[in-house]
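See structure below.
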Amino acid sequence: MKTKESPYALFDISVKWNQDECHVICIEKDHRLAELERIVEKHRVRLAETNLELLEKKEQIEKTLNEIRNLSCPFIRLTTRAALVPLFGNLDHELILQNGTRILEMSQDGSYLEILFDFNGVGELTNEGVEAFIALVKELQLMGLAPSIIGIKPAHAIYLNSAASVPDVPFLNSLSKAFKKSVY
């Protein structure tokens with residue numbers, strides 16, 4: 001209806017007949033509608049804030065996950081010619097993808113001849129992770145380095161043997177034997 005305050009106003013209309021007379025009762029709804037609009041706006045703002053908070057938390061979690069992946073694949077200088085790369089966690093494509101370039105660069109920064117990959121801290125392996133690892137080993141070999149693999153568990157051996165190409169590297173059963181080999 002058109003009112004003094006507003007060109008358009010929402011009303012509840014009730015009609016009641018009493019013999020030949022009709023009674024029309026009009027009750028304006030604007031105050032309830034405005035209240036509903038405020039509630040909806042309040043929820044919209046809260047949802048927008050929640051979405052922003054969730055996005056910030058997601059970015060923070062992704063940053064933390066990247067840091068964890070970097071720490072899961074450190075490059076440790078053992079001697080002037082040998083370095084150790086202990087792997088921790090699950091060996092998947094993302095772990096090698098994130099750390100492969102850094103390992104290649106660090107192996108060229110020194111006068112390394114051997115890179116020892118320690119699998120003692122590795123949990124699960126994925127086919128994609130094994131393929132990425134084998135590609136990294138082949139790149140190191142092309143650069144003139146001699147990679148070795150230490151601490152392979154039976155579950156790891158199954159994945160490595162079922163890979164499209166098995167790495168042609170020495171497999172050593174303990175870090176102490178590998179260290180003695182690289183020192184002498």
Side-chain angles (χ1 to χ4, degrees), residues 1-77 83-109 115 117-140 151 153 155-156 158-160 162-165:
M1 296 180 125
K2 188 174 181 180
T3 64
K4 275 200 246 178
E5 292 84 24
S6 173
Y8 298 103
L10 191 60
F11 281 85
D12 276 334
I13 298 177
S14 176
V15 179
K16 178 92 176 186
W17 287 94
N18 189 4
Q19 295 181 358
D20 289 343
E21 289 182 2
C22 177
H23 299 275
V24 177
I25 301 173
C26 300
I27 303 172
E28 190 173 2
K29 287 181 100 174
D30 277 351
H31 69 281
R32 286 187 280 170
L33 187 60
E35 184 180 330
L36 285 173
E37 286 175 348
R38 279 193 305 276
I39 291 170
V40 168
E41 180 62 20
K42 180 179 167 186
H43 286 303
R44 187 193 65 74
V45 168
R46 189 174 60 94
L47 281 172
E49 289 172 357
T50 301
N51 284 342
L52 184 60
E53 288 173 11
L54 287 173
L55 180 63
E56 289 171 354
K57 287 187 187 272
K58 179 183 175 250
E59 290 172 354
Q60 186 179 31
I61 288 171
E62 287 174 351
K63 181 181 175 187
T64 303
L65 184 59
N66 283 335
E67 290 173 7
I68 289 170
R69 282 196 183 119
N70 281 338
L71 294 172
S72 296
C73 198
F75 190 93
I76 303 167
R77 180 183 193 103
L84 172 67
V85 180
L87 302 170
F88 298 101
N90 296 333
L91 181 68
D92 56 12
H93 184 260
E94 290 80 24
L95 179 70
I96 301 302
L97 182 68
Q98 183 171 334
N99 292 292
T101 304
R102 182 176 50 84
I103 290 170
L104 292 170
E105 288 173 357
M106 292 182 81
S107 67
Q108 289 303 297
D109 285 346
I115 305 292
F117 289 98
D118 185 3
F119 273 63
N120 281 310
V122 174
E124 301 284 323
L125 278 82
T126 65
N127 290 330
E128 297 82 15
V130 170
E131 294 299 329
F133 175 74
I134 291 171
L136 175 64
V137 166
K138 286 181 179 181
E139 286 184 62
L140 288 167
K153 299 172 188 162
H156 300 158
I158 292 170
Y159 275 96
L160 288 170
S162 66
S165 61

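Computed from a predicted model, the values in this text were never measured in an experiment.
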To the closest 0.5 Å, what do you measure between [atom1] ([X]) and [atom2] ([Y])?
X: Leu104; Y: Phe75; atom1: CG; atom2: CZ; result: 9.5 Å
X: Gln98; Y: Ser72; atom1: CD; atom2: OG; result: 9.0 Å
X: Arg69; Y: Ile96; atom1: CZ; atom2: CD1; result: 11.0 Å
X: Cys73; Y: Leu136; atom1: SG; atom2: CG; result: 8.0 Å
X: Ile158; Y: Leu125; atom1: CD1; atom2: CG; result: 10.5 Å
X: Leu91; Y: Phe117; atom1: CG; atom2: CZ; result: 10.0 Å

Which atom pairs, donor and acceptor, lie under 3.5 Å between side-chain atoms of residues 127-134 and protein residues at least two apart or in another chain?
unit_1 : atom_1 : unit_2 : atom_2 : d
Glu131 : OE2    : Ala164 : N      : 2.9

Side chain to side chain contact (heavy atoms under 4.5 Å, CB included) with Glu41: which of Arg38, Glu37, His43, Arg44?
Arg44
Where at least one partner belongs to residues 16-27, residue pairs that pass salt bridge (charged side-chain N to carboxylate O under 4.0 Å, His left out), sequence neighbours excluded
none
SB check Glu49 Arg46 (cutoff 4.0 Å)
no
Is it the case that over 12 heavy atoms from other parts of the model lie below 6.0 angstrom from the CD atom of Glu124?
no
Under 3.5 Å donor-acceptor pairs involving side-chain atoms of residues 52-63, not counting sequence neighbours:
unit_1 : atom_1 : unit_2 : atom_2 : d
Lys58  : NZ     : Glu62  : OE2    : 3.3

After noting the C-alpha distance and the side-chain angles of Asp118 and Leu84, does the key distance pass the side chain to side chain contact (heavy atoms under 4.5 Å, CB included) rule?
CA-CA 7 Å; Asp118 185 3; Leu84 172 67; 3.9 Å; yes
CA sep, side-chain torsions, deciding dist, call: Leu95, Asn90, side chain to side chain contact (heavy atoms under 4.5 Å, CB included)
CA-CA 8 Å; Leu95 179 70; Asn90 296 333; over 6 Å; no
Carefully, step by step, assess Ile39 and Lys42 under the rule side chain to side chain contact (heavy atoms under 4.5 Å, CB included).
CA-CA 5 Å; Ile39 291 170; Lys42 180 179 167 186; 5.6 Å; no
Side chains of Ile76 and Pro86: does their closest heavy-atom pair fall under 4.5 Å?
yes
Looking at every non-hydrogen atom in both residues, tell me the closest pair between Lys153 and Val122 and how far apart they are.
NZ-O, 3.2 Å
